[in-house]
Engineer: 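Quick one: structure below, then a few questions.
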Amino acid sequence: MRIAKIIVTALVFLAFSVAAESPVEYPKPQTPSELHGLFAQYFKHKDLQGLSTLFAADAKFILDDKGRAAIGRKAIVSELEKYLGVKGEMQTLSKSVHINGDIALVRSQWKISGTDLKGTALEVMQYQNNGWVYVIDNPNGY
């Protein structure tokens, strides 16, 4: 009886250990507008890992009017991290969405409440691995 109790205790401990190490499951946006909503949510909660799930592995994030870009999730997240200190919530409105198969061309307007930060974004999204992701994100429409 004592050995059975020890085994059960060990199994319960193991189950909790495995559950604690399990990666967070992020939802996969099913529409371009849902991708915008998740971006705003992750931005609000300063969730860099969540933000990274919204970009294709080889995505391009346009930085300026000279064409400089961050390429790949790691570089893009590094750029986005600079903005997470900004107070306020991001709001995005999809103004124009054109879908052709698994590719979407999107124009959206965004702003961060309580600040002067705002812009018109031009975006290319792709439906991959059961969800929409950014392939090209040009947040200021350069």
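In this text the structure is predicted, and so the values were computed from the model without any measurement. Values below: every heavy atom of this structure, side chains too, minus hydrogens, waters and symmetry copies. Positions are given from 1 along the sequence.
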Engineer: What distance separates H36 NE2 from Q91 CD, expressed to the nearest 0.5 Å?
Structural biologist: 13.5 Å
Engineer: Could you name each residue pair satisfying ring pair (Phe, Tyr, Trp, His ring centres under 6.0 Å) that touches residues 88-140, not counting sequence neighbours?
Structural biologist: F55-Y134, Y127-W132
Engineer: Could you check whether any side-chain N or O of T115 sits under 3.5 Å from a backbone N or O of L117, counting only pairs where one atom can act as donor and the other as acceptor?
Structural biologist: yes
Engineer: Where do G50 and D47 come nearest, in terms of heavy atoms and distance?
Structural biologist: N-OD1, 2.7 Å
Engineer: E79: what forms a salt bridge (Lys or Arg N to Asp or Glu O under 4.0 Å) with it, not counting sequence neighbours?
Structural biologist: K82
Engineer: Hydrophobic cluster mates of I71, side-chain heavy atoms under 4.5 angstrom, ILVMFWY only, any path?
Structural biologist: none
Engineer: Quick one: list whatever passes side-chain contact (heavy atoms from CB on, under 4.5 Å) with K118, sequence neighbours left out.
Structural biologist: K111
Engineer: Kindly give the heavy-atom pair with the smallest separation between L54 and L38, and that separation in Å.
Structural biologist: CD1-C, 4.0 Å
Engineer: For T120, check side-chain hydrogen bond (donor to acceptor under 3.5 Å, both in side chains) against everything at least two apart and list the hits.
Structural biologist: none
Engineer: Got a donor-acceptor contact below 3.5 angstrom from the N100 side chain to the I103 backbone?
Structural biologist: no
Engineer: Could you work out, with side-chain contact (heavy atoms from CB on, under 4.5 Å) as the rule, every residue matching K95, not counting sequence neighbours?
Structural biologist: L93, R107, Q109
Engineer: Of all heavy-atom pairs between P32 and V106, which one has the smallest distance, and what is that distance?
Structural biologist: CB-CG2, 4.1 Å
Engineer: With no hydrogens and no angle check, just 3.5 Å: does a side-chain donor-acceptor pair link T92 and S108?
Structural biologist: no
Engineer: Keeping to residues at least two apart or across chains, list the salt bridge (Lys or Arg N to Asp or Glu O under 4.0 Å) pairs with something in residues 68-77.
Structural biologist: D64-R68
Engineer: Holding to side-chain contact (heavy atoms from CB on, under 4.5 Å), I want the full list of residues that pass it with D65, two or more places apart in sequence or in another chain.
Structural biologist: Y142
Engineer: Minimum heavy-atom separation for A40 and M90, please, with both atom names.
Structural biologist: CB-O, 3.4 Å
Engineer: Return the minimal non-hydrogen interatomic distance between A69 and I62, and the atom names on each side.
Structural biologist: CB-CD1, 4.2 Å
Engineer: Is V97 reachable from M125 through a run of hydrophobic residues whose side-chain heavy atoms are each under 4.5 Å from the next?
Structural biologist: yes
Engineer: Restricting to side-chain contact (heavy atoms from CB on, under 4.5 Å), what partner residues turn up for V77, sequence neighbours left out?
Structural biologist: L48, S52
Engineer: Quick one: does K28's side chain have a donor or acceptor within less than 3.5 Å of a partner on N129's backbone?
Structural biologist: yes
Engineer: Tell me whether L63 is reachable from F43 by hopping between hydrophobic residues (I, L, V, M, F, W, Y) whose side-chain heavy atoms are closer than 4.5 Å.
Structural biologist: yes
Engineer: Is there any ring pair (Phe, Tyr, Trp, His ring centres under 6.0 Å) pair reaching into residues 59-83, and which pairs are they, with sequence neighbours excluded?
Structural biologist: none
Engineer: What are the two closest non-hydrogen atoms of A104 and I99, and how far apart are they?
Structural biologist: CB-CG1, 3.9 Å
Engineer: For the CG atom of L122 and the CG atom of L105, what is their distance to the nearest 0.5 Å?
Structural biologist: 7.5 Å
Engineer: How long is the span from the CG atom in L51 to the CG atom in L80, to the nearest 0.5 Å?
Structural biologist: 5.5 Å
Engineer: I'd like to check the ring pair (Phe, Tyr, Trp, His ring centres under 6.0 Å) partners of Y26; sequence neighbours left out, ordered by chain and number.
Structural biologist: Y42
Engineer: With rounding to the nearest 0.5 angstrom, report the NZ to OG distance, K44 to S113.
Structural biologist: 9.5 Å
Engineer: Which other residues belong to the hydrophobic cluster containing V133, where Ile, Leu, Val, Met, Phe, Trp and Tyr are joined when side-chain heavy atoms lie under 4.5 Å apart, directly or via other members?
Structural biologist: none
